[in-house]
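Have a look at the structure below, then the notes.
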Amino acid sequence: MADPFVSIAARLAPAFAAVAGNACDPVVRPSDRADAQANGALALAKALGSTPRDVAQRVLDAAGDVSDVLASTEIAGPGFINLVFTNEYLATQVAIAMADERLGVRASTDPHTVVIDYSAPNVAKEMHVGHLRSTVIGDALVRVLSFVGHTVIKENHIGDWGTPFGMLIEHLIDLGEENAAHELGVGDLDGFYKQARAKFEASDEFKTRARQRVVLLQGGDADTLRMWRTLVQESTRYFNKVYSQLDVLLTDDDLMGESAYNDLLAPVVDRLDAAGILVESDGAEVVFADGFTNRDNEPLPLIIRKGDGGYNYATSDLACVIDRVERLGARSLLYVVGAPQAQHLQMVEAVARQAGWLPEGYIMNHVAFGSVLGADRKILKSRAGETVKLTALLDESIERAEAAVAEKNPSMSTEERTAVANMIGIGAVKYSDLSSDRVKDYLFDWDRMLSFEGNTAPYLQYAHARICSIFRRASVDRVSVRGVTPQLVEQQERNLALRILRFDAAVWEMIDTLSPHKLCTYLFDLASDFTSFYEHCPVLKAESDTIRDSRLALADATARVMEQGLQLLGIRAPEQM
RNA sequence: GCUCACGUAGCUCAGCGGAUAGAGCACUUGCCUCCGGAGCAAGGGGUCGCAGGUUCAAUUCCUGCCGUGGGCGCCA
């Protein structure tokens with residue numbers, strides 16, 4: 001257990017239990033006036049018919065000698081127990097954490113299979129900032145859940161099926177398959193989709209062809225399927241270019257489009273019927289989930305099969321639940337999907353539970369996120385009023401980063417500058433998306449996200465690069481100081497050591513709340529504590545070799561935690577910038 | 001109308017039922033014989049949307065209102 005708060009809570013728990021007469025939480029929290037404070041005594045006082053300060057004293061008496069861990073335990077205010085760790089304890093814990101491959105982060109005590117549904121762009125449609133959020137947040141969750149030992153299955157539920165494909169295929173035929181494939185291949189997905197859409201709306205003849213084509217597609221017509229595959233392949237090739245630029249983990253192996261569930265749709269209907277919850281309503285087959293009403297306060301159905309016999313998204317979402325639980329063996333299903341779909345997903349979950357497809361203890365969690373807003377506080381649009389293309393946005397970020405690097409580090413070679421600009425530009429976009437509470441809308445601001453000041457990726461990357469530079473300058477191999485247990489004398493050394501040890505807690509907070517911004521906040525605090533340390537404690541000019549090695553060990557530990565933390569967010573940490 | 005989010009410094013955002021609500025930017029003031037100043041230290045700036053309630057203790061939990069945004073039967 002690397003987090004000293006967890007350790008001390010475990011240490012005090014028996015003492016609290018002895019005083020309370022049953023198990024109770026010591027409520028260890030960060031404190032302004034000590035390393036930590038235990039607040040558990042205040043809640044106990046009333047039940048014990050005593051004062052909080054008296055309870056606190058009894059707890060401390062019951063705890064016995066804790067001097068191996070704590071330098072002081074002081075009862076303060078109404079009954080807080082202020083806790084100060086010994087320097088030796090913190091130093092030893094840092095050494096232990098640094099000898100661990102996960103840098104002190106606890107492994108999951110309950111590893112299981114988690115399916116994460118994220119990204120989900122549509123075939124023959126441009127990726128936009130909504131996909132950016134889903135992709136970046138989902139990718140971070142994949143990394144962090146894998147890190148603590150879960151088996152994570154990535155599922156990219158691309159929109160590759162449904163009625164729009166009638167018009168898309170007819171448009172493909174009109175353009176000539178070669179031309180169309182080329183257009184899609186170079187990434188002009190939006191143009192393609194819009195042209196098809198325009199024809200569909202303008203021409204009855206085209207509309208009729210498109211509808212007939214949908215029938216052919218669903219009927220499995222070989223020629224139609226071949227053209228459909230062209231659309232899908234050219235689109236996924238384009239998605240892969242974006243994923244590669246974005247530096248996320250998704251590959252073709254993770255593709256699990258709507259079309260993949262075709263054969264599972266009829267069984268969904270059958271099984272709902274067998275469960276006795278399928279109802280006919282206005283010609284459609286639906287399930288009424290408890291607690292959902294429409295605008296007239298009538299029960300709101302989840303439509304399983306439309307009046308025309310076709311299926312829709314609720315059906316395939318239910319098929320997904322079955323597939324993920326029964327075939328993939330997942331116990332936890334995460335959906336990184338925009339907040340507007342909250343009710344839909346709640347209904348799917350409610351029906352899945354009613355049908356018995358999500359047993360007790362199985363989790364279906366909507367990892368909801370808000371919209372990306374422009375400077376006008378409205379959903380981000382380009383100057384022309386259209387959705388912003390993801391590739392254009394990423395290109396611009398890299399360009400801006402490159403300009404900044406060129407200005408601030410002119411001596412860097414062109415090759416290196418290109419590589420570093422990529423890490424900074426992409427890191428900045430991802431971090432700005434990850435660093436605030438995902439459920440809120442967030443304001444897209446180039447200048448802020450690419451700034452080297454404040455809670456930004458470049459600031460964190462800079463802190464890391466600076467540490468690498470210290471070792472370069474001193475010609476010291478970082479590995480060589482890894483066995484050193486640091487000496488914590490100065491306040492800044494102590495603060496930094498304690499922060500390093502809190503990495504464990506930060507990672508677990510991100511996992512428990514599925515909120516990457518918890519880890520971001522931690523890394524920003526780590527960088528702040530480091531710069532403060534570096535300002536006050538000479539490293540290479542330390543007064544003795546012992547102190548120098550101790551400080552180098554702290555610097556190395558900081559850089560390792562920073563790099564690992566950024567890696568869990570899907571962000572690179574260049575060694576110079 | 002019903003329903004789900006959100007509302008914290010001028011701006012962008014943290015904040016776990018606990019002590020005096022924090023950070024970054026911007027603003028003011030220090031620190032350049034400095035290891036990467038892309039920095040550090042300090043200062044000003046708040047009726048935590050409003051009103052009740054629960055609690056020893058509420059920015060945090062509950063209820064109502066106000067404001068903003070979203071969702072509400074065959075699109076996904």
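Order of the sequence lines fixes the chain letters, A, B, ..., with proteins taken first and strands second; residue numbering starts at 1 for each chain. Excluded from the calculations below are hydrogen atoms, water molecules and symmetry mates; all remaining heavy atoms, backbone and side chain alike, are included.
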I'd like to compare against my own output: the B/S/- annotation of nucleotides 24-30 of chain B with a strict under-4.0 Å heavy-atom distance to protein.
SS-----
Can you tell me which nucleotide in C40(B), G36(B), A19(B) comes closest to the side chain of S31(A)?
A19(B)
Counting only side-chain nitrogens and oxygens, does K306(A) get under 4.0 Å of the OP1 or OP2 atom of C75(B)?
yes
I'd like to know if E155(A) pairs up with R324(A) as an ion pair, taking the criterion as any Lys NZ or Arg NE/NH1/NH2 lying under 4.0 Å from an Asp or Glu carboxylate oxygen.
yes
Base, sugar-phosphate alone, or nothing: which one does A76(A) contact when heavy atoms must sit under 4.0 Å apart?
base
Using atom P in both nucleotides, what's the gap between C75(B) and G15(B) to the nearest angstrom?
40 Å
I'd like to know if the side chain of S134(A) reaches the main chain of S119(A), judged simply by a donor and an acceptor atom lying under 3.5 Å from each other, with no hydrogens or angles considered.
yes
With no angle test and no hydrogens, is the base of A38(B) tied to the side chain of R466(A) by a donor-acceptor pair under 3.5 Å?
no
Need the glycosidic conformation of G73(B): syn if within 90° of 0, anti if not. Which one?
syn
When the distance from CD1 of I81(A) to P of G18(B) is rounded to whole Å, what number comes out?
16 Å
Using the P atom on both, measure G7(B) against G45(B) and round to a whole Å.
25 Å
Does F5(A) have R29(A) sitting over its ring (NZ/CZ under 6.0 Å from centre, angle to axis within 45°)?
no
Using atom types as modelled and distance alone, determine if a side-chain donor or acceptor of H464(A) lies under 3.5 Å from a backbone N or O of L460(A).
no
Base, sugar-phosphate, or nothing: which does K518(A) touch, judged by heavy atoms less than 4.0 Å apart?
sugar-phosphate
May I ask you to say what G159(A) touches in the nucleic acid, namely base, sugar-phosphate or nothing, with a heavy-atom cut-off under 4.0 Å?
nothing
Need one value for P458(A): base, sugar-phosphate or nothing, where a base atom within 4.0 Å counts as base even if backbone is also close, heavy atoms only.
nothing
What about S469(A), does its side chain sit under 3.5 Å from the base of G36(B) through a donor-acceptor pair?
yes
Return each pair, listed once, that meets side-chain hydrogen bond (donor to acceptor under 3.5 Å, both in side chains) where at least one residue sits in residues 32-44 of chain A; pairs must be two or more places apart or across chains.
S31(A)-Q37(A), D35(A)-R494(A), Q37(A)-N39(A)
Would you please enumerate the stems RNA chain B participates in, each stem being three or more consecutive Watson-Crick or G-U wobble pairs with both distances under 3.5 Å?
B:1-7 with B:66-72, B:10-13 with B:22-25, B:27-31 with B:39-43, B:49-53 with B:61-65
Under 3.5 Å donor-acceptor, R548(A) side chain and E543(A) backbone
no
What about the rings of H344(A) and Y313(A), do their centers lie closer together than 6.0 Å?
yes
Whole-angstrom distance between G49(B) and U59(B), as gauged at atom P
10 Å
Taking atom types as modelled and ignoring hydrogens, do the side chains of D160(A) and S259(A) form a donor-acceptor contact shorter than 3.5 angstrom?
yes
Describe the nucleic acid contact of E258(A) in one word from base, sugar-phosphate, nothing, applying a heavy-atom distance below 4.0 Å.
sugar-phosphate
I'd like to know if the side chain of R438(A) reaches the main chain of A368(A), judged simply by a donor and an acceptor atom lying under 3.5 Å from each other, with no hydrogens or angles considered.
yes
Donor + acceptor pair across side chains of N455(A), Y431(A) (<3.5 Å)
yes
Does the H131(A) side chain pair with the main chain of H128(A), one donor and one acceptor, at a distance under 3.5 Å?
yes
Do T315(A) and D317(A) have side-chain atoms, one donor and one acceptor, less than 3.5 Å apart?
no
Using the closest heavy atom to pick a nucleotide of RNA chain B for each, name whichever of F452(A) or N122(A) lands nearer the 5' end.
F452(A)
Measure the CG-CZ distance between L265(A) and R305(A) for me, rounded to the nearest 0.5 Å.
9.5 Å
Nearest-angstrom distance, P atom, A5(B) to A41(B):
40 Å
Under 4.0 Å, heavy atoms only, any strand: does Q576(A) hit a base, just the sugar-phosphate, or nothing?
base
Residues 518-527 of chain A side chain polar contacts: donor-acceptor under 3.5 Å, at least two apart:
{"from": "T521(A)", "atom 1": "OG1", "to": "H517(A)", "atom 2": "O", "distance (Å)": "2.9"}
{"from": "Y522(A)", "atom 1": "OH", "to": "R499(A)", "atom 2": "O", "distance (Å)": "2.6"}
{"from": "Y522(A)", "atom 1": "OH", "to": "F503(A)", "atom 2": "N", "distance (Å)": "3.4"}

For a quick check of understanding: with a heavy-atom distance under 4.0 Å over all strands, which category does D437(A) fall into, base, sugar-phosphate or nothing?
sugar-phosphate
Polar pair under 3.5 Å, donor/acceptor by atom type, side chain N82(A), base A19(B)
yes
For A43(A), which contact category applies under a 4.0 Å heavy-atom criterion: base, sugar-phosphate, or nothing?
base
When the P atoms of C62(B) and G17(B) are considered, how many whole Å apart are they?
12 Å
Once you apply a heavy-atom cut-off of 4.0 Å, does N312(A) come out as touching a base, just sugar-phosphate, or nothing?
sugar-phosphate
side-chain N/O R377(A) vs C6(B) OP1/OP2, d < 4.0 Å:
no
With sugar-phosphate meaning primed atoms plus P, OP1 and OP2, does C537(A) contact a base, only sugar-phosphate, or nothing at under 4.0 Å between heavy atoms?
base
Regarding the side chain of V439(A), the nearest nucleotide among A5(B), G7(B), C13(B) is A5(B)
U60(B) to A21(B) separation - P atoms, rounded to the nearest Å
15 Å
Under 4.0 Å between a side-chain N/O of K125(A) and OP1 or OP2 of A76(B), yes or no?
no
Donor-acceptor pairs under 3.5 Å, side chain of residues 550-559 of chain A to any protein atom, not counting sequence neighbours: which ones?
{"from": "S550(A)", "atom 1": "OG", "to": "Q487(A)", "atom 2": "N", "distance (Å)": "2.8"}
{"from": "S550(A)", "atom 1": "OG", "to": "Q487(A)", "atom 2": "O", "distance (Å)": "3.4"}
{"from": "R551(A)", "atom 1": "NE", "to": "E493(A)", "atom 2": "OE2", "distance (Å)": "2.9"}
{"from": "R551(A)", "atom 1": "NH1", "to": "P538(A)", "atom 2": "O", "distance (Å)": "2.7"}
{"from": "D556(A)", "atom 1": "OD1", "to": "R478(A)", "atom 2": "NE", "distance (Å)": "2.7"}
{"from": "D556(A)", "atom 1": "OD1", "to": "R478(A)", "atom 2": "NH2", "distance (Å)": "3.1"}
{"from": "D556(A)", "atom 1": "OD1", "to": "R482(A)", "atom 2": "NE", "distance (Å)": "3.4"}
{"from": "D556(A)", "atom 1": "OD1", "to": "R482(A)", "atom 2": "NH2", "distance (Å)": "3.0"}
{"from": "D556(A)", "atom 1": "OD2", "to": "R482(A)", "atom 2": "NE", "distance (Å)": "2.8"}
{"from": "T558(A)", "atom 1": "OG1", "to": "L554(A)", "atom 2": "O", "distance (Å)": "2.8"}

Once base and sugar-phosphate atoms are separated, protein heavy atoms under 4.0 Å mark nucleotides 65-73 of chain B, 5' to 3', with B, S and - as -----SSBB
Please confirm whether any donor atom in the side chain of E535(A) sits under 3.5 Å from an acceptor in the base of A41(B), or the reverse.
no
From C40(B), U20(B), A14(B), nucleotide with atom closest to R33(A) side chain
U20(B)
Side-chain N or O of T531(A) less than 4.0 angstrom from OP1 or OP2 on C40(B)?
yes
Would you kindly compare R472(A) and Y459(A) by the position of their nearest RNA chain B nucleotide and give the one closer to the 5′ end?
R472(A)
Against the side chain of H536(A), the closest entry in A41(B), C13(B), A38(B) is A41(B)
